[in-house]
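Encoded as structure tokens, the structure appears first; notes follow it.
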Amino acid sequence: MTQSNNMLAEVKDLRVYFDAESGPVRAVDGIDLAIGQGETVAVVGESGCGKSVTSLALARLVPEPPGLYAGGEVLYEGRNVLGMNEDELRDLRGNKISYIFQDPSASLNPVFRVGYQIAEALRLHRRDVKVREEVINLLRMVGIADPEERARVYPHEMSGGMQQRAMIAMALACHPKLLVADEPTTALDVTIQAQILELLTSLQNQLGMAVLLITHNLGLVAGVAHRVYVMYAGRIVESGPTEEVLTRPRHPYTRGLLDAVPRLGGTSERLKGIEGVVPNPARLPAGCRFHPRCPLRQTVCEEKEPILEQVDAAHASRCHFWQELSET
């Protein structure tokens, strides 16, 4: 398959399963998404929806076994990542596609100094640079004061916000074309969250890279992402331009996520929640996978799984009643 114009990475009908005694766990079950050059794309959904597995599959980081790439393609600059050999994958990971994970205290190695950990990627992929100088430049780029001193400390000597900035410096060490940020603000307080998002946006504009933002919070993507994919039980249930999805959602799950976002200046009413939990991917319900939790469910929802239909040229929804939703 050839790559679409201006698309840096594309996922086509991707299926990632895990072996279990009860049968295959369909963590990612036939999804399509695309990330353009310099674009910010968000994948949103509750824990257990398959977001992180999708992000890891971009660089074929899901271990095999227990993971199984059961179908589909992951294209990076037109090449199928799932068909790459070990040398090609080593060149891709950290060099062309880099990751920021949600808990920096767990991602940073506690027994190595911060500067040493940032330098590892430089020694592997950028042998033409002066490593120490570049480490200092990277720490300064992500807004860490006194970078010469901070390069010599251990992770536990940094605050959570500082640790996340160090993780971002590590991810940017090789000037990747695609940065995957998996819940990058989850372990941080709201003030630091805003600083980290602002930093990512600034660095993206400065370096011209694409960003894939993984989050459970739809409110977080407003003003950050160009497009958003809403994921539920291993499937994309809605996708489109961020403003369109946030202001005119066409799936009841998207509406439920939006209703759960606190709003400044709102009423004193309790926030609405989505009843129930995400289904076990080894025991998915028949029909629409969201129907056991959906306030709009009807008999057809229990019997027939909806397809992902185009609402308009750029907006799609996997709901039998998306047209009715557009009228409310």
Side-chain angles (χ1 to χ4, degrees), residues 14-31 33 42-57 62 66-68 70 101-103 106 181-188 193 212-221 228-239 245-246 249-263 269-308 316-322 325:
L14 178 65
R15 300 171 191 272
V16 183
Y17 299 165
F18 293 88
D19 287 330
E21 292 182 1
S22 57
V25 176
R26 292 177 283 175
V28 176
D29 198 22
I31 71 164
L33 63 83
V43 177
V44 182
E46 295 167 280
S47 296
C49 286
K51 311 183 303 297
S52 291
V53 174
T54 300
S55 69
L56 291 172
V62 177
L68 171 66
F101 296 106
Q102 57 184 289
D103 186 355
D182 187 356
E183 301 276 10
T185 62
T186 296
L188 307 174
Q193 285 182 15
L212 177 64
L213 175 65
I214 308 295
T215 181
H216 63 275
N217 186 351
L218 255 179
L220 200 67
V221 307
V228 62
Y229 293 86
V230 182
M231 195 167 183
Y232 186 79
R235 293 276 176 90
I236 301 297
V237 296
E238 185 166 6
S239 65
V245 172
L246 295 184
R250 297 294 185 266
H251 196 282
Y253 180 59
T254 309
R255 287 198 169 184
L257 292 176
L258 285 168
D259 287 341
V261 177
R263 289 171 173 79
E269 295 178 5
R270 291 174 64 90
L271 289 174
K272 297 178 182 179
I274 303 175
E275 294 184 359
V277 295
V278 178
N280 185 330
R283 296 188 296 274
L284 294 168
C288 174
R289 297 180 182 185
F290 185 61
H291 87 258
R293 307 173 69 190
C294 183
L296 306 178
R297 63 182 176 270
Q298 298 185 28
T299 302
V300 66
C301 305
E302 302 174 17
E303 299 174 347
K304 181 181 179 182
E305 183 174 9
I307 63 172
L308 191 65
S317 173
R318 190 184 296 274
C319 179
H320 292 300
F321 303 106
W322 67 262
L325 283 169

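- The closest side-chain heavy-atom distance from H251 to V230 is not below 4.5 Å.
- Residues V278 and S47 share a closest heavy-atom pair of CG2-O, 3.8 Å.
- In this structure, L68 CG and F18 CZ are separated by 9.5 Å, a value rounded to the nearest 0.5 Å.
- Side chains of Y253 and C49 form a contact here, defined as non-hydrogen atoms less than 4.5 Å apart.
- With V16 as the partner, the side chain to side chain contact (heavy atoms under 4.5 Å, CB included) test is satisfied by one option alone out of V53, T54, V25: V53.
- For the pair E238 and Y229, the minimum side-chain heavy-atom distance is 4.5 Å or more.
- Between L218 atom CG and L246 atom CG the span is 6.0 Å, to the nearest 0.5 Å.
- Between D19 and P66, the closest side-chain pair of non-hydrogen atoms is not below 4.5 Å.
- Interatomic distance, L33 CG to L212 CG, rounded to the nearest 0.5 Å: 7.0 Å.
- Residues P279 and P285 have side chains in contact (heavy-atom distance under 4.5 Å, counting atoms from C-beta outward).
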List the atom pairs, donor and acceptor, that lie under 3.5 Å between side-chain atoms in residues 295-305 and the rest of the protein, sequence neighbours left out.
unit_1 : atom_1 : unit_2 : atom_2 : d
R297   : NH1    : C294   : O      : 2.8
E305   : OE1    : R235   : NH1    : 3.4
E305   : OE2    : R235   : NH1    : 2.3

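- Remark: the backbone N or O of I236 is paired with a side-chain donor or acceptor of R318 at under 3.5 angstrom.
- Across every non-hydrogen atom of G67 and V62, the tightest pair is CA-CG1, 4.1 Å.
- Once rounded to the nearest 0.5 Å, the distance linking OG of S317 with CG of L308 reads 7.5 Å.
- M231 has its side chain out of reach of V237: every pair of non-hydrogen atoms, C-beta onward, lies at least 4.5 Å apart.
- Within the model, atoms CG of L213 and CG of L220 stand 6.0 Å from one another, a figure rounded to the nearest 0.5 Å.
- Within the 4.5 Å cutoff, the side chain of L257 has heavy atoms near those of the V44 side chain.
- Considering every non-hydrogen atom in both S52 and D182, the closest pair reads OG-OD2, 2.8 Å.
- Between L258 and P249 there is a side-chain heavy-atom pair separated by less than 4.5 Å.
- In this structure, K51 contributes its side chain and G45 its backbone to a donor-acceptor pair below 3.5 Å.
- Taking every heavy atom of both residues into account, L56 and F101 meet most closely at CD2-CE2, 4.1 Å.
- Sorted by first and then second residue, the side chain to side chain donor-acceptor pair (under 3.5 Å) pairs involving residues 276-292 (not counting sequence neighbours) are D29-R289.
- In this structure, the separation between OG on S55 and CD on E183 is 9.5 Å, given to the nearest 0.5 Å.
- Applying the side-chain hydrogen bond (donor to acceptor under 3.5 Å, both in side chains) rule to R293 yields the partners E46, Y232; only residues at least two apart in sequence or on another chain are considered.
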Apply side chain to side chain contact (heavy atoms under 4.5 Å, CB included) to the pair R15 and V28, showing each step before the final yes or no.
CA-CA 5 Å; R15 300 171 191 272; V28 176; over 6 Å; no
